[in-house]
Amino acid sequence: MTHPAHSRWRSQTLVVVIALISIIPFGLAWYYAQHPELIEKTSNYGALIPPGQQLDPAQLVAESTDAAATLEQVKGRWLLLQAVPGSCAEECAETLHKTHQGWLMLNKEMLRVKRLLLMPAAAQASKAPAVAQDDALLTAGLTPVVLQALTRAIGKAPGAGMVILLDPMGNLVLWYDTGFDPYQMVKDLKHLLKASQIG
């Protein structure tokens, strides 16, 4: 036989638990709304580019001096884009090496990704060894229109060691600052390629 006091205590405890279950989520939501820095961490390594930043693939290869860098090669593919304001010196060459190694690490998914180096027309005339010897690299001229779009998207002018990732629709997705970890970049890429049905 159940004692009435014990039964009443159990009922009251149950009501309190139900009330807490209803209140706690709202309390947590309010707390995180007041402290958004606690949930700003994301699963990606690269810096996220705000949505709506887009580049027409035709603009990227508008001033191509590379027979391989055609609209057909870049359209509908993921692009690892490197925009160099001058000639491809040491920092640029190091970044090219990182993206090449990262691209190779994609294994069978590498066909979905292209690497594109944009340089001013004057710098393209005398290609650095790192550029000339890289058979998997596409090159084209860096136009003022593209440079302005990239600067607007990442909040500063792109440097020789930066890489910007575009999706197959031409949307700017992530950017990696000078000195980035290529393994983390590959991790981001694999995650996106797995989740994406395009490109």
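When reading the values below, keep in mind they use all heavy atoms of this one structure, side chains included, and skip hydrogens, waters and symmetry mates.
- With a 4.5 Å cut-off on side-chain heavy atoms, H100 and L137 do not count as touching.
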(Q) Pair D181, Y176 - check side chain to side chain donor-acceptor pair (under 3.5 Å), show working. (A) CA-CA 9 Å; D181 182 344; Y176 301 86; over 6 Å; no
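- In the hydrophobic clustering of ILVMFWY residues, with side-chain heavy atoms under 4.5 Å counting as a link, F180 and L104 come out together.
- For the pair K187 and Y45, the NZ or CZ position fails the cation-pi test of under 6.0 Å to the six-membered ring centre and within 45 degrees of the ring normal.
- The distance from the CG atom of L96 to the CD atom of Q101 is 11.5 Å, given to the nearest 0.5 Å.
- Taking NZ of K98 as the reference point, atom CZ of R115 lies at 13.0 Å (rounded to 0.5 Å).
- Under a hydrophobic clustering in which Ile, Leu, Val, Met, Phe, Trp and Tyr are joined whenever their side-chain heavy atoms come within less than 4.5 Å, directly or via other members, Y183 and L189 fall into the same cluster.
- Contact detail for G159 and P85: the closest heavy-atom pair is C-CD, 4.4 Å.
- The shortest side-chain heavy-atom distance between K190 and L106 falls under the 4.5 Å cut-off.
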**Q.** side chain to side chain contact (heavy atoms under 4.5 Å, CB included) assessment of L116 paired with L60
**A.** CA-CA 9 Å; L116 177 63; L60 295 172; 3.9 Å; yes
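- By the 4.5 Å heavy-atom criterion applied to side chains, L172 and I154 are not counted as neighbours.
- W78 is not listed as a side-chain neighbour of L166, based on a closest heavy-atom distance of 4.5 Å or more.
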Q.
Under the criterion side chain to side chain contact (heavy atoms under 4.5 Å, CB included), I'd like the reasoning laid out for M119 against S87: C-alpha separation, chi angles, the key distance, then a yes or no.
A. CA-CA 7 Å; M119 294 186 297; S87 59; 5.8 Å; no
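- Among all heavy-atom pairs drawn from M185 and T99, the shortest one is CE-CA, 4.3 Å.
- From L80, atom CG reaches atom CD1 of I164 across 11.0 Å, with rounding to the nearest 0.5 Å.
- Remark: side-chain polar atoms of D56 are paired, donor with acceptor, to backbone N or O of A58 under 3.5 angstrom.
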Q. For V113 and L79, what are the C-alpha separation, side-chain angles and deciding distance, and is it a side chain to side chain contact (heavy atoms under 4.5 Å, CB included)?
A. CA-CA 6 Å; V113 181; L79 282 179; over 6 Å; no
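- Here the side chain of Q54 pairs a donor or acceptor atom with the backbone of M169 at under 3.5 angstrom.
- In this structure the side chain of R112 reaches within 4.5 angstrom of the side chain of S196, judged on heavy atoms.
- Taking every heavy atom of both residues into account, A93 and C88 meet most closely at N-SG, 3.7 Å.
- Panel note: side chain Q82, backbone A160; a donor-acceptor pair is recorded below 3.5 Å.
- Two residues are said to be in side-chain contact when any heavy atoms from C-beta on lie closer than 4.5 Å; V146 and L118 meet this criterion.
- Nearest heavy atoms, L150 versus P158: CB-CG, 4.2 Å.
- A donor-acceptor contact shorter than 3.5 Å is absent between the side chain of R152 and the backbone of L147.
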Q | Residues K156, D177; criterion salt bridge (Lys or Arg N to Asp or Glu O under 4.0 Å); working and verdict | A | CA-CA 11 Å; K156 60 181 178 179; D177 212 341; 3.1 Å; yes
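- For the pair L138 and L117, the minimum side-chain heavy-atom distance is 4.5 Å or more.
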Q: Test L142 against V84 for side chain to side chain contact (heavy atoms under 4.5 Å, CB included), laying out the working first.
A: CA-CA 8 Å; L142 177 60; V84 181; over 6 Å; no
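- Side-chain contact between T178 and E91: present, with at least one pair of heavy atoms (C-beta onward) separated by less than 4.5 Å.
- Checked by atom type and distance alone, the side chain of W103 never pairs as donor or acceptor with a backbone atom of K114 at under 3.5 Å.
- Judged purely by atom type and a 3.5 angstrom limit, S64 uses its side chain to pair as donor or acceptor with the backbone of A69.
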